[in-house]
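Just so it is clear: chains get the letters A, B, ... in the order the sequence lines come, proteins before strands, and each one is counted from 1. Since the model is a prediction, treat every value here as computed from it, not as a measurement.
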Amino acid sequence: MIMALKPCVRQLGGVAQVWRCVSRSIAHQTYRITAGNTCHDINDAQKAAGPTSARLPRLRHTIPESYEKVEVSTAEWSYVERLLPLKSIPKPTGNPGEVMPSGWVVPSAKPGDYPYFVPRSANHMLPVYLLHKPILSKHVTSVKHVQGDIFALSEELREHLTQLLPSRKIINMRVHEPHQMIQIKGQFVTELKEFLLKKGF
Amino acid sequence: EHHCIMAQRLFYPTLRNSLRCFGTTPGWQTEAVAVPQAPSAPLILNETSEIDKNVAEVAREAWIETLDPSGENLHVGLIHLHPKVFATYPRLDIIHENVVWQQKYRMVNTSHTKLRSEVRGGGRKPWPQKGTGRARHGSIRSPLWKGGGVVHGPRAFTTQFYMLSFGKRIMGLTSTLSAKFAQDDLKIVENLDMPSDEAGFLEKLCEDRCWGPSVLFVDDCDLMPRNITVATDTINHINLMPVYGLNVYSMLKHNTVVLTVSASQCIEERILHHLNKPDYHLINCAKCYNK
């Protein structure tokens with residue numbers, strides 16, 4: 001049964017409009033659905049009522065008999081579990097100093113070995129990063145999370161780089177103690193990573 | 001003493017607290033484990049071997065105090081605090097960024113200037129295009145004119161809302177907690193149960209222990225015990241806060257921050273979860289917000 005609201009405009013001596021409910025369907029005919037009725041019966045009844053816009057398909061929700069038997073099994077859970085994403089970064093296995101087939105080296109240095117200590121990042125990688133300003137030649141290599149005597153590490157890095165590049169007269173470095181980082185002007189990521197790995201960090 | 005050290009994570013919430021909480025704590029923390037206190041065996045919590053030994057930072061130890069001064073000891077036990085949360089090198093610039101963000105994100109600017117269309121007048125061409133010898137103009141309220149509209153001026157109700165990146169917010173919390181702990185302004189308390197509900201009692205307690213004029217009590221449940229709620233109701237500088245309300249500005253605003261044992265465990269668990277999750281690089285991506 002479809003109900004449509006039609007505005008029934010009546011000027012009752014200047015009073016506001018009156019809205020009247022007008023139904024345009026098989027409202028005058030009612031029928032009862034009994035147990036014996038099927039879809040076809042109802043459709044026929046509707047068709048008999050006359051051409052209306054109320055000929056919507058009737059949905060039939062049926063459950064096939066084969067779905068009624070459900071077996072609960074937990075034997076296959078391991079196949080599901082191995083597909084689920086990890087909740088935390090796994091701890092790497094390996095002896096300190098061991099070189100893995102991928103090239104990753106297990107850290108071997110302990111906090112007391114040197115006056116400084118450079119821990120790995122959360123992803124177990126060396127904290128050496130390359131910053132590139134949007135100008136062709138402006139690169140800055142930074143070593144972060146340096147704990148302890150950061151100036152001692154900066155002197156050792158300067159020595160190491162002057163040895164590697166004897167032609168270079170000046171090595172510009174910034175030792176940022178409050179942020180625990182050393183910044184070097186230029187691209188020295190591989191050199192610094194090799195240096196730190198040799199130390200065991 | 002050995003069995004206390006080897007015990008993995010002993011929880012010491014009272015049964016009352018665990019029944020009252022509304023799910024701010026994870027499921028494994030609401031077990032009502034009643035630990036009988038033997039006078040000889042001290043209560044030592046969270047001494048785990050999970051903390052990475054290859055880091056310069058060592059786990060910090062803090063006394064577990066009680067708000068009930070009638071007992072024998074002021075200190076009920078000892079708790080180990082994770083170094084990645086309570087012993088980081090505090091980044092002052094990031095603490096500042098957090099404070100500025102907390103103040104600015106809710107600001108709305110009401111300063112307003114009128115456009116040339118909004119300034120009264122200026123609908124008519126002041127003089128003909130040609131013949132007068134003067135410069136050509138279409139309206140007396142154009143931005144070239146004195147008294148004319150402003151082109152790119154402030155417009156009322158401009159929000160200053162922005163979100164600080166997730167990593168900076170986490171680092172702000174860890175830096176502030178570490179700084180507070182290092183400056184002896186962070187206290188751990190077993191629970192917030194007080195014997196009296198008088199405001200004077202609490203003020204005297206804070207004075208006796210040299211807890212600063214303003215104190216922030218943080219518990220992991222948002223329904224606090226009755227006595228402390230009544231006592232702090234009239235005092236404006238002593239405040240209660242659930243763990244999910246912890247923020248850098250409030251921690252700096254109050255002189256002393258007092259955490260309950262369960263609150264400190266909840267904070268540690270949540271911050272470590274975020275620091276160690278594998279998809280950290282996706283935090284600020286649009287993908288996360290569409291989940």
Hey, which of A:Gln147, A:His179, A:Gln180 has the most heavy atom pairs under 4.5 Å with chain B? A:His179
Within the supplied structure, the quantity of interest is the number of heavy atoms (other residues, nucleotides, ligands) at a distance under 6.0 Å from A:Tyr114 OH; does it exceed 12? yes
For A:Ile89 and B:Pro278, the nearest pair of non-hydrogen atoms, with its separation, is CG1-CA, 3.7 Å
Does B:Lys180 have any salt bridge (charged side-chain N to carboxylate O under 4.0 Å, His left out) partners at least two apart in sequence or in another chain, and if so, which? none
Counting heavy-atom pairs under 4.5 Å with chain A, which one of B:Asp93, B:Leu272, B:Leu275 comes out on top? B:Asp93
Any side-chain hydrogen bond (donor to acceptor under 3.5 Å, both in side chains) involving residues 127-137 of chain A? Give me the pairs, sequence neighbours left out, ordered by first then second residue. none
Taking atom NZ as the centre, does B:Lys168 end up with more than 12 heavy-atom neighbours from other residues, nucleotides or ligands that are less than 6.0 angstrom away? no
